[in-house]
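Residue numbering restarts at 1 for every chain, and letters A, B, ... go by the order of the sequence lines. Just so it is clear, the model here is predicted, and its values are computed rather than measured.
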Amino acid sequence: METGKEELRIGVFICHCGFNIGGVVDVPAVVEYAKTLPNVVCADENLYMCSSAGLSLIKEYIKKYNLNRVVVTSCTPATHETVFRNACEEAGLNKYFFEMVNIREHCSWVHMHHPKEATEKAKDLVRMAVAKASYLEPLVEPELEIKPSALVIGGGIAGMTAAMSLARQGFDVHLVEKESELGGMLRYLYKLQPTERDASEILHEAVTAVKANSRINLHTSTVIKEVKGFFGNFDVILQRHGSNELKQINVGTIIVATGAEGFQPLGMYGYKENENVMTQLELEQRLKNGGLKKPKKVVMIQCVGARERTGRTYCSRVCCMIALNNALLLKKLYPDVEISIFFRDMQTYGEYEDFYREAMENFIDFIRYDPDKPPKVTSKPNGKLAVTVHDVYLKAEVEIDSDLVILSTPLVQHEEGRKLSSVLKVPLGLDGFFFEAHPKLRPVDFSSEGIYVCGTAHGPKDVNESIAQAYAAASRAAIPMAVGKIRTEAVKAWVDTEICVGCDACEVSCIFNAIEALTFGHPHVVEANCKGCGVCAAECPLGAMQLRHFKDQQILAAIEALLKPKKLRGSGENFEPIILCFACQWCSYAAADLAGVSRIQYPHNVRILRVPCSGRVDVLHILKAFLNGADGVIVTGCLIGDCHYIDGNVKAKSRVETTKKSLKVFGIDLERLEIGFASSSEGQKFATMMTDFVERIRKLGPNPLRVGAGGD
Amino acid sequence: MFEIVTKRELAPHINLFEFSAKEIAVKTKPGQFVILRIDEEGERIPLTIADVNIERGTITVVCHEVGKSTKKLGRLKEVDGIPDLLGPLGKPAKIEKFGTVLCIGGGVFVAPLYFQVKAFREMGNDVIVIVGARTKSDLIYEDEMRQVCNEFYVATDDGTKGYKGLDFLKDLLKERKIDRAITMGPIVMMKTVAEFTRPYGIPTIANLIPVMVDGMGMCGACRVTVGGKMMFACVDGPDFDGHQVDFEELMARMKMYAPQEKLSFVFYEKGGRGL
C-alpha cells in the first residue's frame, strides 16, 4: 500500500517540549512555515509531542489526512525516534517513512539568546527533513536464524573454558587447535599465582573435561582456511596440517581464543648469544623439567621489548607478577640465591601487591632503571654475566655479576592470529591484538555480529582473567543461539545493477565481509553482514552502491533544500554564513546532543545533517553543498580508533583530503571544508569546533558561487 | 587521426571499435595492448588488442563504458577518429604448443582473449574456452569463440545462461589434464581461477591491466606485486604468473582514484546537474 510512486502526503509535527523549545523557537511560526513546504498536507504543534496526546495526534492525522510520510520536529532521535516510529507503525505506516528533526539539543538549547535565528534555523532543518522525507522508502527488518552451534578457535585455557561453557549449556561446539595437543600457553607454564598450583594440574583437568564432553567436536592440528556466510550461519572451512583435504562445518557463532606468544628478544641483552640469558618462559621450562643448575645470583630485567615509544607501546600486564612469582619460587628452591629485579615501574595490581611485599621481605633486590639508560649485559671469561645499570634512586652505576639473566618479555600477537584476522575480517588494534567492538560497552564482542574474543588473543592477561573472559564470550555467544532468531537492521547497502560495472571498489572497501564480489564482477550484498555504515556507497565510483535510508538521492535532497534560499543572510562583513555539518549518528551527533543538554552555546549558523558514519559522506554530498552555496562544510565523526565501523572515519578523512583537491577546480577555498572528530562525551569540544569553524568562514566571506555573493 | 572503421555494439555499454592503424596492426601480437586518447586533454585508456587485420590495416578493441572517458569513447561513431593511439605496448603472450590450453575470459576481456585463443589453436593446441559475464545480456563473442576452440562453456554470475559462477571449473580440473591456463577478466575472476588451478600446479597466466598512465615503464602507476616483487604491468606484463600475483593489493590500487572518477563521471553525465 505504501509505495514511493503515489502522491506524497507529508505531515509535520512540531513539539514545544514545554518551554524547552517553545521558549526560544517561535513554534507557531515554524508550523505556518511547514505548511508552505512542498507535499506537506498538514502541520501542527503540541506541548509534548512524545506524550500520549502528542502521539495520538500523529496517529489521528495519519488517518485523517491519509499521510504517507511523517516528520516530527522535536528532540534528539537518540531517545525518541523509536517512540515516534512505533506510533507511525501503529497507525499503519511503515516506520521508515518517518523522519525526525532535532530542534532542541541542536537548536533551542544551544542558541538560547538568539530566538530569531533559532527560529530561522528550525525552519531550515524542517525544510531539509521534508525534502528527505519525500524520498524515503519503506523498509523491512529481516529476521536471521541462528544455528545453535559454535566454533571456538584456539584450544588454550580460554578456548577450552569457552567451549566447555557452551557445551554445558547444550550447544554443539567445534574446538579448533592448530597444535597437535590442547593447552596452548598453559603447557609451558610452571606454577600459577596466587595459588601456586601446578599449571599442568589445571591443564589436565580442563583437557580431560573437554575430551570427555560429547558435544565438543575436537579438531587438533587444524587451522581455519576460510570463513564464509554471516552471523547465525557461518560456513567454515578447516584444513589439517600437512593435508590438502578440507572439511566444512556450519556454525552460528564464533569465538576467537587464539592466545598470544612470548616476544623473542633477539639482539637484546645477549639473548640467544649466551645460554644463561633467557626469557621468563624459558626459565619456567627449566624449573618444570628440572633442567636448571643452581644459580648463586640471578638478575631479572623487566619491560624487555614492552612499553616502547613506538611499536609495542603497551604494558604486558602479567610480567611483573611472573617475575615476582619466579623469583619467589627460586628463593624457595635455593634460599641463598641472590635475586635482583631491574624494573621501570612495578605494576602489581590488586592482591598481587602481596607478592611484591613478600618479595621485599625475602630480600629480593629491586633496582629501578631508566628506559633511556637500559641495563647492559656482557659475558665474562669465567662464564658469568656482568650486568651494569644506572640505578635511578642511587643515581649511580651498579654492576652485578650474575649466573642468570632472565628477561621479562611481553605477550605479542602471533602470525596465525594475524592471518585469522584477515580470514575472519575482524580487526587487530595498534598493539597487534584483536580489537573489540567497544572497550567499555562491548568488551568481548567484535563489531561483526556473532564473533567474540577472549583470552590473550585480545591482549595480555593472566589465567584467571582469561577464564573469566572466556565465560563472558561464551555467554555472549549463547544469547543469540538460545533465542534462535535475531531481528536485524533495515538500513543496509543496496546495489543498482543497472549502473554497476563490476569494479569491486565496494567489496574492497567493506570491512565486514558484507559485499561478495561474484566471479564475473557482480557485487552481492550479504545483508546479514552489513552494518549499515555506507562506506561502500561513498567509495563506489559510479553511485551504483547505495545505503538504504541514506541514499544519495535522500541526502542530496536535504542539502538542496537547506540551500534553497540563495539570498545572503546579513551583509558585508557581518554576513551570516550557512554551515553544513555532517554528523555521525554515534559520536559527533551525540556530542552535539550533549552540547545541547549542557546548554553550551555556539553559533546558530550550523545545520547538522545526520549520517550513519562519517564514512558515508560522499565527495558528491560535499560538492553539492558548495555548488548550492554553502559557505562551509564540516564533516564530523568519532575519534580516530573509536569508529563504530572500525575505520569509517579514517576513510572519511582521506576522502575529505581528496575532495579538497577537487574544490580548487571550482574556485572554492580549501579552508571552507574541514573534518573534525568528537566522542559522544565531548559536547564542549563539539561546540568549540563549531565556533572556530564559523569564525573561520566568517573571515573568508561568502561562498563565491552563491548567487548574490560579495554584496547586497 | 586514427579513424574508426567499424563500430558495433556487442552488448549494452560494450562496443567494438576497429581503428585504422596499419603500423600498429603489422607489429601487434596477441596479449599486447594500446593506449588511446579521445581528445587533447583526454584520459589515457589502456585497452588490450582483440584482433588485427593486416590487409585492412586495422586493429580491433572492445571497450566497456565504466566511467567518463569510456562513455565518451562509446559515443564516437564510424568515421569519427581519435588523435592518439599508441602501441603495441607490453610483452606479447607466450603462444607455444603446450597441449591442452584452458582459456577463461570474463566480461569485456573475452574479446582480447579471442585473439589468443585463435593463436593457440593455430599452434596446434587443444583449446578449452570458458566465457563468462555477470548476466546473459553481457555475454560477448560467444559465436566467434565457438568457431575457434575445441570445447566451449558459458557461465554467468546469476545463472541466466550456462553455469552459475565458476564452481563447475573445479570438476573440469579434476577430470581433465590441462597444460596451461590463461585468464583474462575481472580481478576476482582471475584470482578465483588461480586458486582453482593452484593445487594442480597448472601454469596460470593472469592478464593485468591496472591503472596506467604512460604505458612505457616511466610513471609507475601500474605497479603490481608478483611473487613479492614489484613489477610494472605495462612493460613487465601484462601477463603474469597468476599464482604469484597479489590480487588483494591490485584491487585496493584499482580504487585509488574512485572519488575523482565519481566527480568526473557525474559532471560528464549530467554536466553537474542535480548537484
Point to revise | Most contacts with chain A, counted as non-hydrogen pairs under 4.5 angstrom, among B:G165, B:P259, B:G106 | key: B:P259
Exercise for review: Heavy-atom distances under 4.5 Å only: say whether A:S509 touches chain B with side chain, backbone, both or neither.
Suggested key: both
Point to revise | Short side-chain donor-acceptor distance under 3.5 Å, A:D496 and A:Q546 | key: no
Study note, to complete from the structure: Note: vs chain B, highest number of non-hydrogen pairs under 4.5 angstrom among A:C540, A:S662, A:G543 is A:C540
Check your understanding: Side chains of B:T192 and A:T519: donor-acceptor distance under 3.5 Å anywhere?
Key -> no
Review point. By a 4.5 Å heavy-atom criterion (distance strictly below it), what part of A:A625 contacts chain B: side chain, backbone, both, or neither?
Key: neither
Review point. Can you say whether B:T135 sits under 4.5 Å from chain A via the side chain, the backbone, both, or neither, judging by heavy atoms?
Key: neither
Practice item. Go through A:F550 and A:K132 one step at a time and tell me if the side chain to side chain contact (heavy atoms under 4.5 Å, CB included) criterion holds. Key: CA-CA 9 Å; A:F550 293 95; A:K132 185 184 171 187; 3.7 Å; yes
List the atom pairs, with distances to 0.1 Å, where a side-chain N or O of residues 248-257 of chain B and a protein N or O form a donor-acceptor pair under 3.5 Å, not counting sequence neighbours.
unit_1 : atom_1 : unit_2 : atom_2 : d
B:E248 : OE2    : B:K191 : NZ     : 2.6
B:E249 : OE1    : B:T225 : N      : 3.2
B:E249 : OE1    : B:T225 : OG1    : 2.7
B:E249 : OE2    : B:T225 : OG1    : 3.0
B:R253 : NE     : B:R223 : O      : 3.3
B:R253 : NH2    : B:A221 : O      : 2.9
B:K255 : NZ     : A:E539 : OE1    : 2.8

**Study point:** NZ/NE/NH1/NH2 to OD/OE distance under 4.0 Å, B:R176 and B:D171
**Key:** no
Exercise for review: Under 4.5 Å, counting heavy-atom pairs only, tell me which of B:G107, B:P12, B:G67, B:A155 racks up the most with chain A.
Suggested key: B:A155
